[in-house]
Structures are given as structure tokens and as C-alpha cells.
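By convention in this document, chain letters (A, B, ...) are assigned in the order of the sequence lines, proteins followed by strands, and residues within each chain are numbered from 1.
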Amino acid sequence: MSDFARTTVTAALIYANGPIHIGHLAGCYLPADIYVRYLRLKKQEVIFVSGTDEHGVPITIKAQKEGKTPQQVVDHYYKEIKSSFEEFGISFDIYGRTSDPAHHKMSQDFFLKLYQDGKFIEEVTEQYYDEAADQFLADRYITGDCPKCQQPGAYGDQCEKCGSALSPTELINPKSTLSGASPILKETKNWFLPLDQWQGELEKYVNSHPEWKSNVSGQVKSWLQDGLRPRAMTRDLSWGVPIPLPDTEGKVLYVWFDAPIGYVSMTSQLTPDWEKWWKAEDSRIVHFIGKDNIVFHCLIFPAMCMAHGGYQLADQVPANEFMNLEGDKISTSRNWAVWLHEYLKEFPGKQDVLRYALTASSPETKDADFTWADFQTKNNSELVAILGNFVNRAFVLIDKNFEGIVPEKAAGTGLEADVIAALAEIPAKLDQALATYKFRDALVYAMEIARIGNKYLADAEPWKIIKEDRDKAGTVLNYAVQLVAHASLALEPFIPFTAARLRTALGLADADWSAIGNFELIPAGQKLANPGLLFEKLEDDVIQAQVDKLKATKAQMELASKQVAPIKETIDFDSFAKMDMRIGQITAAEKVEKSKKLLKLTVNDGLKDRTILSGIAEHVEPEAIIGKQVTFLANLAPRKIMGQESEGMILMAEDADGSLAFVQPSKSVWNGASIS
RNA sequence: GGCGGGGUAGCUCAGAUGGUUAGAGCGUUGGAUUCAUAACCCAAAGGUCGGCAGUUCGAUUCUGCUCCCCGCUACCA
């Protein structure tokens, strides 16, 4: 790693269809920023590149929903995202966007080179096309009956009822989810990158990086083991980078084709010297991403680069897992998130508190959970009590006893050697942790300096010594100031706003990693400017307000989901009369093996016992329902489900929360009672 | 369904190529202290390391099965 002359750091491109939330920050932006700041402290050559991804279906959906054009949507969010990142101290060298003409040009050139070099496979396939919406339909936008289990509501890629993987053309009675119309099959030509041809080289590449995190190499190797297949690099969509070939109207580049090129095109906006950062052999590329982006950065983009030639491949891809919020998955569409722009407004000047809290429980090895209670604890018990308190003690003691001027070192208390020794261990540990992307550990090492400081003050008791020996007390405070200075350096990557305040207070012009260990960093006689309290305690009511806000969101979302479905189309009496609904009694119930949802019920219908399979296993205990009377449809055509014959269907009422309840007679009736 | 990651103290998480008392921070309890934002400092309590079985002299660490959470599953990105 020391062979590299410079480092190109990227953080994932985010969709410009919503604001930034803490999941994004913890997932890649904060770790990337910490890493970049660390490299800068070490005076290494580095650039930090990111931006918004402004293409793809989610953007068009958002635009449709808001009655805007896609361009209006991305313009709005680009601005908002960029400014909240800036305010939060994410120190990008360039924050670009993929709708930029320079980006279009570069990704088109990239595509064209692959095309001209014959790296693509052209393939004409039949895809479902929604004539009403005038567009081809991605798998997710088609539903129909599952060809395997016959149940309705299967998606184009998968039936969630029986779990089968499907392709859209297999669906029975397909419908577009956009317009509800029946889609037609239409021929379309797309360009595929034959990933299978790069399998060998990709394996070599992946195997040359045994240091990758287990979640990264695990997923990548799993794909390689399954065998790679050609992947379409173009899409039938109107919003995106147009394909630079004749007669390709209505087709654009696959967003995952142009997005990673975005890193490069954005670099070209930063410096005319951009090629050095992506092509020079002594340039190291590091992609910070979330776990959902692993294959695109570790397989597909590398394959594109191999096909193109000339580009360096990523040296590290430190993917984080996900950050949950109060026990639930963060979700933009469900509004379950702590939004950065709201945080910045509601907690002005407290960027570092959030940076600290998110780093301290960063999802480095597994999903993590952000709770407001934890946020409060981290602020009150660590930032205020450990760091803020130590700094305040040092400044107040010097202000009171030495008029704010750093005293000379004289004979010490005998504890100084221990302090120096304790501090001496920190830089190497810190360096090691940061260099290996273990930011959680690194933060603990950096905070250790303040702990050392607190202990030193408690043991040395300069407030007592001063009464007899002013020089000795001065010595202690001199050391304390040096420790504050060290904290300001070691904590710079994590809490840069606080670090800068400290440097100003100390009169330390420059932040330089190599100064760690230097106990003459702040010269005696230096006039200090007490920065005041670095952090303030967060009271319960402030935290409670945030929790309440989330609870209100949740309640609102539940309310929204409680919307009663509209009445279906009118039917005549005969259609109704055809249904033979009856009351029967459950005499036996057991789980169907290898099925999550299915229960095998034996129902006494007054004539005989019949077997009915019902997808209610997640809602009821088999033992608990034996003996219950239920309503069932008796003349439904028998159907095989998971190899077993089901004779009828149990009627269930679905509650707003998705739970199911039996439809039962209000008093016990005889089995076989018909319903009319 | 297949594949990948994870399940370790009340909470958030480390760790062990298998080996004497499994770690940290926070929280809790007790003590000490008052320069400091009722903060700091010291100490203690607290874990059958998801469950079952196997390999082994010995497993929380290896193997198999199983349960739970998360992700991916290739034209959703």
C-alpha cells in the first residue's frame, strides 16, 4: 500500500430522488470522509470524489409522483444534498452529478469504445411493453398469476407466495403496475457485456485481494462461483444517458454502466489532470459504498474497466452494512429516517455529535442500530463528560491560575513519564486502525487521549499543588495543554469542527499527524483563547422530542396504510350465487414442511373432512385453532399447492397491520351451514 | 428456494490459526474527590459466546444440522 503515490477515494453516488439520511452517512460518506481527512493529516496526496446519480427509474417515478420533470427533481435534490453534505463537513474535493454534459460525454465515449472494440453482444429480445404508459416494463412493474402456484400477485421476477424465481414472460395474465393495462410483447435490441468472458480475470483480481472485508469477498465470490452471465448495459427508458449509436431512440445506458464512470467524469471536472487518478499505476482507488453496491463495484465496473483497458482497478472496497433506526430498517419511502437537513436545522452547530455517534456505532461488520437514547448517551457520557470536560478543566485551570498563558515546564510530579508512555502507544494503534478502515476502533483510540488527560489531572491534582508549588502545577498544566493539542489532531478526522475550534484556541495553525508525540507542540508563554464549552448536555426533553417525531411518523404511515381498498367492479347475482360458502370446523392443523406461510388444515364440512391449505402460518398457531369454526369457499376448484391437494379456501379478514383473522359465525352453528 | 454476512455482558460492539479467570465503551452498584458541564478518578457486580449433535484430552472458536436478523438473487437499482 505504501507503493502508491496517491489515493483516489470515492463515496457512492446517491440517487437524487430524496434527501440524505443517517443511513447514507454511516454507510459510506462518514467513513470515507474520516479516511480522507486522515490521509490529508498525513500529508498524502488524495482526492475525494462523489456526487448524485441522476438517472434510473426511481427518479422518473419520483417526478411522476410530484408532477415534475425528472430534471426538476434532480436539480432540487442535487442542491439540497450538496449543501447538507457541505454543512456536515463531508470534505469532498468535488461533488458532481451524472446529468452533467461532461458526464454524458465521458460515459458515451466509454460505451462507444467498448462498442467499437466489439466488447458487447447485441441481442434482440421480447420484452413486455405498456402501450398506455408508452414504455418497456422492468420486472418489478409487472404482476400476474404465478405459473407455479397459480396465486395472483406474483412479480415479474419472483412470486412471493411460493418463492419461485420467475421471468416476466412466464406470468399468467400479466398486468402493468403503471397503468393496469395488459402489456404487449415487443422486440427490443440491447447491448450486453459478456461478464462470463471476464470471469477468469475477475477471479484473479478478487483473489489478489484477500484483505477485503468478509462481507465484500463473500458476496463477490458467491457470484463468481455461480458463474457470471452477460448483463445488459442498456435499457429501454427515456431518462438517462442516450446511447451514442444511430437508431437508438428511447434507449439509454444502464445506470450502473454510467454511474461508476461518474466517479471519473467528476474527477475530470475537478482537475484537467484527472487521468492520473484513474489510470496511473501508482494511484490507489478506494470505493466507499454500502453493502447493496458490492457487486457493481467489485465485478461489473472492474469488468467494464478491463474491457475498456487503461483503467486501474479498485484496491479496496470497504463496504459497510446498514444502519437501522430505532430497530427498524431506514426507509425513504416510509419516511423512517433521521434526515440530515432536518438534523442540521434542529441541532445547529452539533455536526460533530452526530458524526461521533454514527462513527461510534458504525455498521462496519454487521447492521447497526441508531437510537436517540444512544445518541444522547454518546453526547452526554463521552463527548461532554470525557472530552469536553477534560478540555474545559485544562483551560479553566490555566485561566484561573496563569492568566491563560501556557506555563513553563519545570520539575514534574513523576506522573509525566506514564502520560508520555501511554500517549506513545496511541499513534501506531490509531494509524493501524484507520489504515485498515476500522473507524470505530480508531475513534476509541483517539478518545483515549482525553481519558489519559482526565486521569492525569485527577492523579496530579494541580489545584492542590498550586498552593505550595506553583512551578510544579504549571508543569502539570503544560502537559495537560499538550494533551489537548494531541486530542485536536487525533480527533480531526472524526469531529473536525471541534478539532478546528481547539486548534484556534491553542494557536495551532496547522494540523499535522506527525506532531503527535511532540510534547513541545504548544510553546510555553503561548496565550490561549478559551473556546468555552465544546459540547453541551442534551436534556431528556430534546431527545424525547425526536423520539416523538419518529413515533408520529410511524403512526402517520400506519394510518396511510389503513386506507380501505376501493370496491371492486359490480357483479350480478348469479356470479355471487355460484359461490358456495359454508361454515366448517377445523379438526386438525399442521405446518406444511418447507413452507413459511402454509398451514395444512383439516376441515369438517358436515359431510366429510376435507383438506384445505391456507397461507396463514405466520398469523396463527396450529394448535390454537383446532376446534374453531371458520368460513370457507366449498366449491373452489381443487388445486395442488406444494404437492398437496387443497379443497377450498378459508376466508380471512385482513387487518390494517396485515394480520389475519378468521371470519366466524357469531354463535356456534352446525358444521356445513351454508352462507347466503 | 439458492447464495453471502451476522447472532458474544442490560445496551452498542471487539475477539479467539481450539487451551489456564472471554474483552471495551456506555449503563448499574459501591468508594474516593471537588479544578471541571452532579462531570472526572478507583473498584465491583454482570455472559451455559443463538440451539442441538459431532470431531477432540479440551470448542464459544472447527464440522454438520437447525432457529432468528440483514443483504443479494443477474432486464429493480
For B:C67 versus B:C11, give the span between their C1' atoms, rounded off to a whole number of Å. 24 Å

With a 4.0 Å limit, can you tell me whether A:Lys400 has a side-chain N or O closer than that to the phosphate oxygens OP1/OP2 of B:A36? yes

Within 6.0 Å of NZ in A:Lys438, more than 12 heavy atoms from elsewhere: no

A:Arg440 (side chain) and B:C13 (base): donor-acceptor pair under 3.5 Å: no

Taking the side chain as everything from C-beta on, heavy atoms only, tell me whether A:Asp53 gets closer than 4.5 Å to A:His55. yes

Please enumerate all residues that pass side chain to side chain contact (heavy atoms under 4.5 Å, CB included) together with A:Leu185, with sequence neighbours excluded. A:Glu126, A:Tyr128, A:Thr169

Applying side-chain hydrogen bond (donor to acceptor under 3.5 Å, both in side chains), can you list everything that pairs with A:Tyr77, at least two apart in sequence or on another chain? none

Would you kindly give the CD-to-P distance between A:Glu461 and B:C40, to the nearest whole Å? 17 Å

To the nearest Å, how far apart are A:Asp258 CG and B:C75 P? 16 Å

RNA chain B: 5'-proximal contact among A:Glu123 and A:Ala458 (nearest heavy atom): A:Ala458

Determine the interatomic distance between P on B:C75 and the same-named atom on B:G7; round to the nearest Å. 32 Å

Any donor-acceptor pair under 3.5 Å linking the side chain of A:Asn215 with the backbone of A:Ala319? yes

Not counting sequence neighbours, list each pair that qualifies as a side chain to side chain donor-acceptor pair (under 3.5 Å) and has a residue in residues 382-394 of chain A. A:Tyr356-A:Glu382, A:Arg393-A:Asn454

Contact check, side chains of A:Phe192 and A:Met233, non-hydrogen atoms, under 4.5 Å: no

Gap in Å between the two P atoms, one belonging to B:C41 and one to B:G50, rounded: 32 Å

So if I take every side-chain heavy atom of A:Ala368 and compare against B:C13, B:U34, B:A36, which nucleotide ends up nearest? B:C13

Separation of atom CG in A:Asn392 from atom C1' in B:U34, rounded to whole Å: 14 Å

So what does A:Gly227 touch, heavy atoms closer than 4.0 Å: a base, only the sugar-phosphate, or nothing? base

What integer distance in Å separates A:Trp463:CH2 from B:C40:P? 13 Å

Pairing partner of B:A36, by Watson-Crick or G-U wobble and under 3.5 Å for both distances, is none

Per the under-4.0 Å heavy-atom filter, residues of residues 529-541 of chain A near RNA chain B come out as A:Leu533, A:Leu534, A:Phe535, A:Lys537

Nearest to the A:Asn389 side chain among B:C40, B:U12, B:U37, which nucleotide is it? B:C40

Closest to the A:Asp459 side chain, choosing from B:G71, B:C41, B:C75: B:C41

Assign a letter to each nucleotide of nucleotides 23-30 of chain B from its 5' end: B, base within under 4.0 Å of a protein heavy atom; S, sugar-phosphate only; -, no contact. --SSS---

Which listed nucleotide (B:C3, B:U12, B:U37) is nearest to the side chain of A:Ser222? B:C3

Among the candidates B:C40, B:C35, B:C42, find the nucleotide nearest to the side-chain atoms of A:Val396. B:C35

Do any N or O atoms of the protein come closer than 3.5 Å to N or O atoms of nucleotides 5-8 of chain B, and which pairs are they?
none

Sugar-phosphate only, base, or nothing, as touched by A:Leu457 at under 4.0 Å among non-hydrogen atoms: nothing

For the ring pair (Phe, Tyr, Trp, His ring centres under 6.0 Å) test, which of A:Trp223, A:Phe257, A:Trp256 pairs with A:Phe296? A:Trp256

Paired with B:G1: which nucleotide, if any, by Watson-Crick or G-U wobble criteria at under 3.5 Å for both distances? B:U73

Does a side-chain N or O of A:Lys329 approach OP1 or OP2 of B:G71 to a distance below 4.0 Å, or not? yes

Return the 5'-most residue of the pair A:Val295, A:Asn380 with respect to RNA chain B, ranking by each residue's nearest nucleotide. A:Asn380

Under 4.0 Å, heavy atoms only, any strand: does A:Arg235 hit a base, just the sugar-phosphate, or nothing? sugar-phosphate

To the nearest Å, how far apart are A:Asn320 CG and B:C70 P? 18 Å

Provide the distance between the two C1' atoms, one in B:G58 and one in B:G46, to the nearest whole Å. 27 Å

For a quick test of reading the model: is some side-chain N or O of A:Arg393 closer than 4.0 Å to OP1 or OP2 of B:C40? no

With sequence neighbours excluded, residues passing side chain to side chain contact (heavy atoms under 4.5 Å, CB included) with A:Ala337: A:His21, A:Ile330, A:Trp339

Rounded distance in Å between the P positions of B:G2 and B:G64: 15 Å

Can you tell me how far C1' of B:C41 sits from CD1 of A:Ile452, to the nearest Å? 14 Å

In whole angstrom, give me the gap between the C1' atoms of B:U60 and B:G18. 10 Å

Under the rule for side chain to side chain contact (heavy atoms under 4.5 Å, CB included), what residues qualify as partners of A:Phe497, not counting sequence neighbours? A:Gln351, A:Asp352

Nearest to the A:Ala385 side chain among B:C35, B:C40, B:G71, which nucleotide is it? B:C40

Non-neighbouring partners of A:Asp196 that pass side-chain hydrogen bond (donor to acceptor under 3.5 Å, both in side chains), sequence neighbours left out: none

Taking only residues two or more places apart in sequence or in another chain, which ones pass salt bridge (charged side-chain N to carboxylate O under 4.0 Å, His left out) with A:Lys291? A:Glu321, A:Asp367

How long is the line joining NZ of A:Lys251 and P of B:C75, in whole Å? 15 Å

Taking pairing as Watson-Crick or G-U wobble with both contacts under 3.5 Å, can you name the mate of B:G18, or confirm there isn't one? none

Without decimals, in angstroms, what is the distance between A:Leu415 CG and B:C41 C1'? 13 Å

Using a 4.0 Å heavy-atom cut-off across all strands, classify A:Phe390 as base, sugar-phosphate, or nothing. nothing

When the C1' atoms of B:G4 and B:G47 are considered, how many whole Å apart are they? 29 Å

What's the gap between B:U17 and B:C40 when it is taken at their P atoms, as a whole Å value? 36 Å

Results of side-chain hydrogen bond (donor to acceptor under 3.5 Å, both in side chains) for A:Thr359 - residues two or more places apart only: none

Under a 4.0 Å threshold between the charged nitrogen and the carboxylate oxygen, would A:Glu122 count as salt-bridged to A:Lys189? yes

Among the nucleotides B:A36, B:C75, B:G71, which one has an atom lying closest to any side-chain atom of A:Phe322? B:G71

Taking only residues two or more places apart in sequence, or in another chain, which ones meet A:Asp369 in a side-chain hydrogen bond (donor to acceptor under 3.5 Å, both in side chains)? none

